[in-house]
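Below is one structure, written out as structure tokens; the observations come after it.
Values in this document were obtained by computation on a predicted structure and should not be read as measured data.
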Protein chains: 4
Amino acid sequence: MTQSPEFTASPIRFAILGAGRMGLEHGRALVGLPEAQVVAVADPIEEAAQRVARLTRAGRTYSDPLDAIHDPEVQAVIIVTPTRTHAALIEAAANAGKAIFCEKPVAADLAETERVMRIVEERGVPFQIGFQRRFDAGFAQARQRILAGELGTVEQFSATGRDPAPPSLDYLKGSGGIFLDQAIHDLDIARFLVGEVEEVTAIGDAKVDPAIGEIGDADTTTALLKFVGGAQGVVQNSRRAVYGYDVRTEVFGSGGKLVLEATPKTPLLRYGEGVSMDHYHFFMDRFQDAYRAEIAAFVAFLRAGEVPQPGPRDAVESLRLALACTRSLQEGRPVRVAEVQAGEAVPS
Amino acid sequence: MTQSPEFTASPIRFAILGAGRMGLEHGRALVGLPEAQVVAVADPIEEAAQRVARLTRAGRTYSDPLDAIHDPEVQAVIIVTPTRTHAALIEAAANAGKAIFCEKPVAADLAETERVMRIVEERGVPFQIGFQRRFDAGFAQARQRILAGELGTVEQFSATGRDPAPPSLDYLKGSGGIFLDQAIHDLDIARFLVGEVEEVTAIGDAKVDPAIGEIGDADTTTALLKFVGGAQGVVQNSRRAVYGYDVRTEVFGSGGKLVLEATPKTPLLRYGEGVSMDHYHFFMDRFQDAYRAEIAAFVAFLRAGEVPQPGPRDAVESLRLALACTRSLQEGRPVRVAEVQAGEAVPS
Amino acid sequence: MTQSPEFTASPIRFAILGAGRMGLEHGRALVGLPEAQVVAVADPIEEAAQRVARLTRAGRTYSDPLDAIHDPEVQAVIIVTPTRTHAALIEAAANAGKAIFCEKPVAADLAETERVMRIVEERGVPFQIGFQRRFDAGFAQARQRILAGELGTVEQFSATGRDPAPPSLDYLKGSGGIFLDQAIHDLDIARFLVGEVEEVTAIGDAKVDPAIGEIGDADTTTALLKFVGGAQGVVQNSRRAVYGYDVRTEVFGSGGKLVLEATPKTPLLRYGEGVSMDHYHFFMDRFQDAYRAEIAAFVAFLRAGEVPQPGPRDAVESLRLALACTRSLQEGRPVRVAEVQAGEAVPS
Amino acid sequence: MTQSPEFTASPIRFAILGAGRMGLEHGRALVGLPEAQVVAVADPIEEAAQRVARLTRAGRTYSDPLDAIHDPEVQAVIIVTPTRTHAALIEAAANAGKAIFCEKPVAADLAETERVMRIVEERGVPFQIGFQRRFDAGFAQARQRILAGELGTVEQFSATGRDPAPPSLDYLKGSGGIFLDQAIHDLDIARFLVGEVEEVTAIGDAKVDPAIGEIGDADTTTALLKFVGGAQGVVQNSRRAVYGYDVRTEVFGSGGKLVLEATPKTPLLRYGEGVSMDHYHFFMDRFQDAYRAEIAAFVAFLRAGEVPQPGPRDAVESLRLALACTRSLQEGRPVRVAEVQAGEAVPS
């Protein structure tokens with residue numbers, strides 16, 4: 001895909017669609033980049049939109065994100081609206097010829113995701129999906145080392161992802177379930193560092209809150225992965241860790257091992273009863289630099305006329321993998337990832 | 001089980017059966033204990049027997065371990081002979097009324113293991129099986145903390161066990177396979193820290209050496225565990241890690257997380273191109289203190305008239321779990337641990 | 001000091017004086033703050049000024065910083081020009097009633113520093129000096145813990161500060177020497193965490209580059225500190241560390257110990273020949289968050305009408321301490337900090 | 001010095017003089033070595049002597065260490081009696097032609113130390129002084145790396161040594177003071193890793209317990225070292241650290257940095273309120289392996305006919321350095337190490 005020259009001029013003019021926490025965060029990233037300029041912010045809550053606009057020095061706010069998409073000054077959009085609106089906004093932005101950065105997921109539905117990604121590709125607009133971990137200094141370096149052959153043949157993968165506390169039930173009802181909403185970050189990293197997965201076997205239940213089980217979701221899961229390339233993998237997730245935010249990833253191969261493990265949150269060791277240090281409490285702390293780096297990368301891709309990564313294929317394939325885990329958990333059997341095809345029933 | 005008063009007198013008189021590396025190691029542990037005295041060493045290789053006898057100040061050596069067992073001065077035996085001889089020697093020692101410490105496993109065969117453990121229990125002799133990790137300061141403290149409720153409800157377990165390099169094919173042929181020979185340590189720790197396992201799903205193949213596959217064994221495995229108590233577990237093993245010996249165990253619960261991870265091997269940080277430190281290269285390095293502690297514990301159990309732990313039940317149940325993993329791998333399906341019963345075919 | 005209401009309105013309008021690396025960095029910090037607006041950038045190099053103006057969306061650039069100071073729209077200035085110009089610009093800004101953030105030092109000369117700080121205080125303008133380490137999450141938390149009494153009585157202090165490589169000889173000639181230019185950060189932290197120093201004994205010489213010795217400076221120093229409160233301290237500095245940027249600080253007291261030590265630069269552990277991790281290579285990496293935090297704090301102080309910290313007194317006293325070390329090294333004797341008074345000869 | 005052939009035969013027959021904690025510890029080390037045999041134990045407390053004799057399978061006990069020295073079967077002695085008796089026992093053992101391992105110090109008095117060391121050298125008996133840290137895996141490897149040139153030119157040294165709690169006042173009264181009794185280990189390591197020291201400047205006082213000050217001793221000290229080779233050093237000591245036993249040593253050079261820092265005591269990370277781990281509480285924990293290694297080295301030196309290290313020269317020079325620190329503290333001035341000569345007044 002060759003990109004339109006319009007995106008390579010500077011500064012690129014952005015609209016931020018959605019003025020919640022991530023809108024503020026991505027706004028902060030954009031104002032630090034001289035190659036970018038935020039010209040519009042859209043949010044139904046005027047006050048929120050104004051807040052991001054003040055931060056980003058954006059000249060105007062919209063209550064309807066479609067208006068921002070169709071603002072002729074806007075060349076690129078950052079979509080951080082509620083998940084259920086992503087697909088329609090991507091479609092509109094693609095049809096309007098705008099470059100698109102969208103928080104994951106495109107949709108909880110594979111058919112819808114594939115449909116919208118096809119539109120993006122047909123329209124030839126740059127599209128980047130928000131798997132921010134790929135831009136963390138540790139994960140990015142791990143991939144480079146693996147590609148450089150430092151691990152030899154990758155043989156085993158292990159990932160743990162735990163949040164400090166579950167989101168609200170209301171949020172969870174529309175989330176697509178733990179694999180789509182939370183584990184997808186670990187699954188995407190599995191694909192990023194090791195490659196595509198052939199088959200999954202997932203177990204899980206509601207240990208944290210029975211109400212999560214009552215809505216058909218799980219809050220504690222473990223999945224066994226068989227990668228296409230032969231590697232073996234495991235992914236463990238929980239919606240609640242009393243000690244904070246817990247992401248650990250290990251890749252093992254014939255040539256060594258890489259471990260992505262959060263450093264202490266603060267460069268401070270306390271010696272008293274034993275030795276203790278601070279731990280990250282939330283994903284925003286742990287991955288703040290990664291969030292900024294993914295936005296900087298999006299701008300750099302646009303400026304260089306390069307195809308953004310991760311793009312439509314990653315949006316689709318990481319979703320497919322998460323859906324395979326969901327199905328395995330629901331049906332109590334190993335599921336081949338290729339079984340999961342658009343048009344089939346999606347998890348309720 | 002009340003123990004015979006003879007074991008509670010001091011010093012307890014030991015015979016070491018088998019004068020290889022572990023015979024030397026356990027001999028070194030015994031000579032550091034004033035409550036123990038090594039009076040005999042048995043090994044078909046006279047030179048090896050003499051070496052351990054010199055170290056332990058043992059007065060006599062035997063070429064046949066049965067002669068040491070029947071030496072009337074000997075009250076307790078340390079069995080570190082080749083695995084295939086364990087069952088017969090345990091049986092002979094039990095019948096002779098001797099206290100028994102035996103390296104794992106009793107046998108690769110569940111029926112034989114159960115048969116011999118029954119004899120041990122009928123004879124009422126103290127018996128301890130060599131799962132040394134339970135005596136590592138980290139694992140032991142972890143169990144105490146878990147029993148004390150520090151983790152609340154245990155929800156997830158994760159263990160990794162990797163050796164620096166595979167043993168010889170000759171050894172492997174008689175080893176019972178990777179789950180019985182290597183992963184059993186991680187599986188025993190799963191039982192030690194979390195409890196019994198209900199069902200396992202194992203995958204694995206020969207990635208390190210095709211010859212290992214040709215003898216029907218695997219060298220790289222991943223198993224998914226469902227614990228009876230509801231926790232989820234994973235265990236990953238490999239016969240080869242270029243960076244050394246790799247044992248990591250994590251237990252996660254509603255109240256926190258414990259991680260058993262080797263500290264740097266040497267208290268030395270080197271700052272040059274980055275920061276680097278030494279890593280353990282072999283199990284003997286990593287668990288040297290644990291090997292000594294398990295022998296000290298055995299002596300202390302005998303002196304106190306207490307039942308040694310881990311004992312016959314752990315020998316049987318950790319084997320059963322390893323056999324369940326083996327069967328799951330061979331048959332490509334989840335296997336309930338209770339399926340594995342003596343009398344059934346054992347893995348070839 | 002009560003601050004003028006004009007600084008508490010939002011956004012506060014800034015000029016950045018100096019468009020080098022620190023101008024860019026502080027500009028990036030300011031654009032992330034909705035309560036701040038950069039309206040002008042001054043630098044004799046037009047291209048540099050334009051670069052920072054683009055980043056900060058500043059409307060105008062000046063070649064002369066005095067013009068920016070006298071720009072009626074400008075309420076506050078960030079002074080990151082060459083050190084020799086600091087005093088005059090502070091004086092001009094104070095006389096113009098502008099709030100002032102200035103990189104350390106005010107001047108290499110105590111008399112000049114005191115004179116200018118007096119003007120600042122007489123004019124009643126807010127003034128903050130750029131000791132950014134105080135805003136590092138680790139150092140800031142350490143101080144809070146010490147103030148809260150967690151260490152009991154502080155008894156020993158130890159700090160190490162090493163740069164990857166010495167600056168140019170040209171720079172060093174105007175730097176005031178290693179204690180004023182480099183060690184002052186460690187000395188300021190000594191004051192921040194422990195309190196004022198009574199007497200210093202410093203040794204040092206040129207081990208890295210003889211040319212540094214030839215200009216009368218040292219590149220490797222060690223100083224012994226006696227604090228007014230009775231604590232004992234040491235500070236070691238070097239202008240060259242092949243492994244990168246090395247800052248470590250330890251405070252020990254009757255109640256425990258706090259260690260400020262950089263975490264690994266990247267959350268990645270590499271297992272191969274031993275275990276290795278990345279180390280920080282430059283102060284900008286290590287203290288990037290601290291640089292942003294100090295600017296955010298300056299804006300917050302202004303908005304809240306509070307007196308910025310560290311202010312004139314810290315600018316004077318940390319300089320006095322650095323001068324005492326310089327004199328001790330030059331004269332080969334312990335020097336009482338109170339000996340160093342304005343009007344006396346300053347180091348050539 | 002060529003050693004007598006009698007020491008190179010196996011097993012070497014030892015007497016342990018002193019059956020306290022260190023007698024037990026060294027006894028445990030000796031029984032693990034097949035090349036050594038403990039034949040006698042001496043202690044005025046018969047029960048203590050018997051305890052070590054049981055552990056070591058020694059055939060006889062003496063109440064008077066001189067009797068053990070003159071036991072014709074005894075070839076080598078381990079002197080772990082109270083410090084004030086060391087010199088006389090060394091002298092007797094040397095005159096009796098026995099190989100000698102003696103805990104530090106030989107004597108608190110330099111003249112006496114030199115006198116006895118001369119006798120040892122004249123008699124040509126092997127002599128090793130108990131600076132066990134040299135045998136810690138980290139310190140030993142550090143020295144090898146420094147000798148191999150890995151650090152280039154050593155430029156800075158920093159050591160911290162803190163005990164959990166001060167010994168009794170009675171003990172302290174006969175200890176020779178903090179530099180001779182405690183800091184001497186850090187000072188010996190300074191010599192081991194960097195080389196001889198030219199001049200010291202020490203400060204210190206009694207912060208932990210005023211009674212320590214009243215007997216003319218200090219409990220908290222900091223010393224500045226100038227090494228003969230040009231390196232700069234600092235050593236900080238305290239008699240009390242609430243968090244346990246604290247030894248950290250750093251050597252910095254033109255080629256990098258080595259840090260000797262205790263690993264966590266237990267391979268267990270606890271995630272709850274932050275992350276915490278165990279810390280060493282006493283020197284015996286931290287240096288247990290080093291104590292065993294120094295005894296194994298002594299036996300190996302004897303067996304190989306090699307001159308033990310550290311020997312008489314280290315006993316004298318590390319003492320001289322400690323005395324220089326003591327004098328500097330007492331006289332409040334820098335002291336050249338060469339000033340400290342036998343015949344001069346020693347610290348009261």
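Identified by a heavy-atom distance below 4.5 Å to chain D, the contributing residues of residues 266-277 of chain B are B:Thr266, B:Pro267, B:Leu268, B:Leu269, B:Arg270, B:Tyr271, in residue-number order. Of all residues spanning residues 22-42 of chain B, those with a heavy atom less than 4.5 Å away from chain D's heavy atoms are B:Arg28, B:Leu30, B:Val31, B:Gly32, B:Leu33, B:Pro34, B:Ala36, B:Gln37, arranged by number. Residue-level contacts of residues 51-62 of chain D with chain B, in order of numbering, are D:Arg54, D:Leu55, D:Arg57; threshold 4.5 Å between heavy atoms. Proximity to chain B among residues 137-147 of chain D is limited to D:Ala137, D:Gly138, D:Gln141, D:Ala142, D:Arg145, judged by heavy-atom separations below 4.5 angstrom.
Contacts between D:Arg292 and chain B at a heavy-atom distance below 4.5 Å involve the side chain alone, from C-beta outward.
Rounded to the nearest 0.5 Å, atoms CG (B:Asp289) and CG (D:Asp289) are 6.5 Å apart.
Per-residue counts of heavy-atom pairs under 4.5 Å with chain B were compared for D:Pro11, D:Pro264, D:Ala262; the largest is that of D:Pro264.
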